[in-house]
Asker: 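The structure's right below; bear with me while I get my questions together.
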Number of protein chains: 2
Amino acid sequence: MATGRTHRPATRSRGIPEATVARLPLYLRALTALSERSVPTVSSEELATAAGVNSAKLRKDFSYLGSYGTRGVGYDVEYLVYQISRELGLTQDWPVVIVGIGNLGAALANYGGFASRGFRVAALIDADPAMAGKPVAGLPVRHTDELEAIISDNGVSIGVIATPAGAAQQVCDRLVAAGVTSILNFAPTVLSVPEGVDVRKVDLSIELQILAFHEQRKAGEENTPSPVPPRSGAAVRAAAENRKGPDGDVPAVMPA
Amino acid sequence: MATGRTHRPATRSRGIPEATVARLPLYLRALTALSERSVPTVSSEELATAAGVNSAKLRKDFSYLGSYGTRGVGYDVEYLVYQISRELGLTQDWPVVIVGIGNLGAALANYGGFASRGFRVAALIDADPAMAGKPVAGLPVRHTDELEAIISDNGVSIGVIATPAGAAQQVCDRLVAAGVTSILNFAPTVLSVPEGVDVRKVDLSIELQILAFHEQRKAGEENTPSPVPPRSGAAVRAAAENRKGPDGDVPAVMPA
DNA sequence: TCTTGTGAACCGATTCACAGCT
DNA sequence: AGCTGTGAATCGGTTCACAAGA
């Protein structure tokens, strides 16, 4: 990595670990709840419990932001809410576009958590001309033709893709060409983007498959004598040759 | 962690790294696409590109499953599809329930990728009596009262929570009490579950906040002389005392 | 000759444990 | 006395680079 490394003398060097960044929203949510209950201060232990992490991790995370706590006391809730909000960039507002207003896109448009916390739905975009003009979540759906204009008119830098998998890459390309540099992808495809563009993926079926893996594991522990019979290299090859698995024909596995 | 450590003599020890498990669905998707195009074999390099990872990682991942490739040739697509499917537990089918049939729940119910790949929507459940009986995605919505019966009648072990945040924990408790041991949570809350229950979280607003963080970082690199003015401990304390941030009053940050 | 499979080095993140401050 | 902040140890995961094998 050849980042110009801002040579700061003694103070905290920029560069918060990615894992920490991913937890800041969690802390922020917990802190916001405390703030609403007018709790003035909170210890790392209490806050960690509320956020579902352990206290050492939380303290280390906060230490990357600066020394915002008070030894012997804890953290000032309001102050921390502000610091984390600022660190995450939530003190400014981010216009976002949602592309693909099917069931999921509509659900996202209606999702309340979207509007709060500095995010604002600037436009809903769909390729279906029949959708154009229809109001969804109080906004008229715009046609894909307008995509570039919408992005630049609103200074949109974050795009949400909720199209079918087949359309995702080309929508992505258009978003990027129009100036979007952060993408949240709900379509079950790998998107390729140029350097400098961030993509985050939310994939229902991947999550379910991960759960199924562990679920199967649990079931196996209870009643299987040997969880999976280990197979020798020879057996493996043989099975590969005649398209057979250890327990019968290879089943037709469904496409994504 | 006090897992009984199954002492297997020489053969591959059980225990696929979590990071690897999380990528198996990705490989499976890429392989399924190749399979549909009747591609017989694939090299680690090609498959890695299709799945959006690097080839060394992919080979290491596969090595945990066994020696399923052929040196100098690559991997047999059909065979690998089957092996990964089996490893993930997709050769059996998993009945799932979706609780909370609002916009999101309905979108999930309609999501095609759900039905394929061994997952079957056993029931849609909602607390609103007015919803009961209404068909969503071809299934009648059932009332929450029936939750326990539905779980046990259908042998459901995977539950999807798409309720508002406030209801999520109690729905979770009921699911777990009824026998569910894997939960996919779309509600923006930390769920607490007993040992042995897996929870995976999908959280739109967290993903957006992470993107915003990086987006802000990008913007800062272009035009800010010094990204964030470093603040001394004294200044920090002072700010905390009078509820002030470095650039004004602490703004009212929205709740989740 | 080509591509897999894997030790070994490396790197980031988590946990431990305690010094430092209130 | 109590709780934060952080070096040091540890762990899990990634990358490197090459030996093994088709």
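These values consider heavy atoms only, across backbone and side chains, with no hydrogens, waters or symmetry-generated copies. As the structure is a prediction and not an experimental result, all values here were calculated from the model. Labels below follow one simple rule: chain letters A, B, ... track the order of the sequence lines, proteins then strands, and each chain is numbered from 1.
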Asker: Testing B:Y27, B:Y82, B:F62, B:Y68 one by one against B:Y75 for a ring pair (Phe, Tyr, Trp, His ring centres under 6.0 Å), which residue passes?
Answerer: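 Of all the options given, the one that passes is B:F62.
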
Asker: Report the nucleotide, chosen from D:dG5, D:dT14, C:dT14, that has the shortest atom-to-atom distance to any side-chain atom of A:S67.
Answerer: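 The closest nucleotide is D:dG5.
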
Asker: Quick one: on DNA chain D, does A:K60 or A:V73 contact a more 5' nucleotide (nearest heavy atom)?
Answerer: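 Final value for this comparison: A:V73.
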
Asker: B:N54 has an atom CG; how far is it from atom P of C:dC10, in whole Å?
Answerer: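 Result: 18 Å.
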
Asker: CD of A:E46 versus P of D:dG2: gap in Å, rounded?
Answerer: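 Result: 14 Å.
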
Asker: Start at the 5' end of DNA chain C and walk down; is the nucleotide closest to A:G72 or to A:T20 reached first?
Answerer: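 It is A:T20 whose nearest nucleotide is closer to the 5' end.
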
Asker: Just by modelled atom types, is the B:L28 backbone N or O under 3.5 Å from a matching donor or acceptor in the B:T32 side chain?
Answerer: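 Between the backbone of B:L28 and the side chain of B:T32 there is a qualifying donor-acceptor contact (under 3.5 Å).
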
Asker: Whole angstrom is fine here: how far is it from CG in B:D61 over to P in D:dG12?
Answerer: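 Between P of D:dG12 and CG of B:D61: 16 Å.
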
Asker: Of the options B:T181, B:L88, B:I158, B:V96, which is the one that meets A:L211 in a side chain to side chain contact (heavy atoms under 4.5 Å, CB included)?
Answerer: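 Among B:T181, B:L88, B:I158, B:V96, the one meeting side chain to side chain contact (heavy atoms under 4.5 Å, CB included) with A:L211 is B:I158.
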
Asker: Rounding to an integer number of Å, can you tell me how far A:R59 CZ sits from C:dC16 P?
Answerer: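 In whole Å, C:dC16 P lies 11 Å from A:R59 CZ.
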
Asker: Is there a side-chain contact between A:D76 and A:T70 (heavy atoms, below 4.5 Å)?
Answerer: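 SC-SC contact between A:D76 and A:T70 ruled out.
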
Asker: Among D:dT14, C:dT14, C:dG5, which nucleotide has an atom closest to any side-chain atom of B:Y64?
Answerer: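 Nearest listed nucleotide: D:dT14.
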
Asker: Using a cut-off of less than 4.0 Å, is there contact between a side-chain N or O of B:S44 and OP1 or OP2 of C:dT4?
Answerer: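 Yes, because at least one side-chain N or O of B:S44 sits under 4.0 Å from OP1 or OP2 of C:dT4.
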
Asker: Consider only side-chain N and O atoms of B:S182 and B:D198, and report whether a donor and an acceptor are under 3.5 Å apart.
Answerer: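 On atom types as modelled, these side chains do not qualify, holding no pair under 3.5 Å.
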
Asker: What's the closest nucleotide to the side chain of A:S43 if the choices are D:dG5, D:dC3, C:dG7?
Answerer: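 Per side-chain heavy atoms of A:S43, the pick is D:dC3.
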
Asker: C:dA13, D:dT4, D:dT6: which one has an atom nearest the side-chain heavy atoms of A:R71?
Answerer: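 Comparing C:dA13, D:dT4, D:dT6 against the side chain of A:R71, the answer is D:dT4.
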
Asker: Is there a side-chain polar atom (N or O) of B:Y75 under 4.0 Å from OP1 or OP2 of D:dA22?
Answerer: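 False: B:Y75 side-chain N/O out of range (4.0 Å or more) of D:dA22 OP1/OP2.
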
Asker: Would you kindly give the CZ-to-C1' distance between B:F62 and C:dT4, to the nearest whole Å?
Answerer: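 After rounding, the reported distance stands at 12 Å.
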
Asker: Contact class for A:E18 vs. all strands (heavy atom < 4.0 Å): base, sugar-phosphate, or nothing?
Answerer: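 The answer is sugar-phosphate, as A:E18 gets under 4.0 Å only of primed atoms, P, OP1 or OP2.
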
Asker: B:K57 has an atom NZ; how far is it from atom P of D:dT15, in whole Å?
Answerer: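 Whole-Å distance recorded here is 5 Å.
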
Asker: Send over the distance from B:L58 CG to D:dC16 P, rounded to a whole Å.
Answerer: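 Answer to the nearest Å: 15 Å.
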
Asker: Calculate the interatomic distance between A:I16 atom CD1 and C:dG12 atom C1'; express it in whole Å.
Answerer: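 In whole Å, C:dG12 C1' lies 15 Å from A:I16 CD1.
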
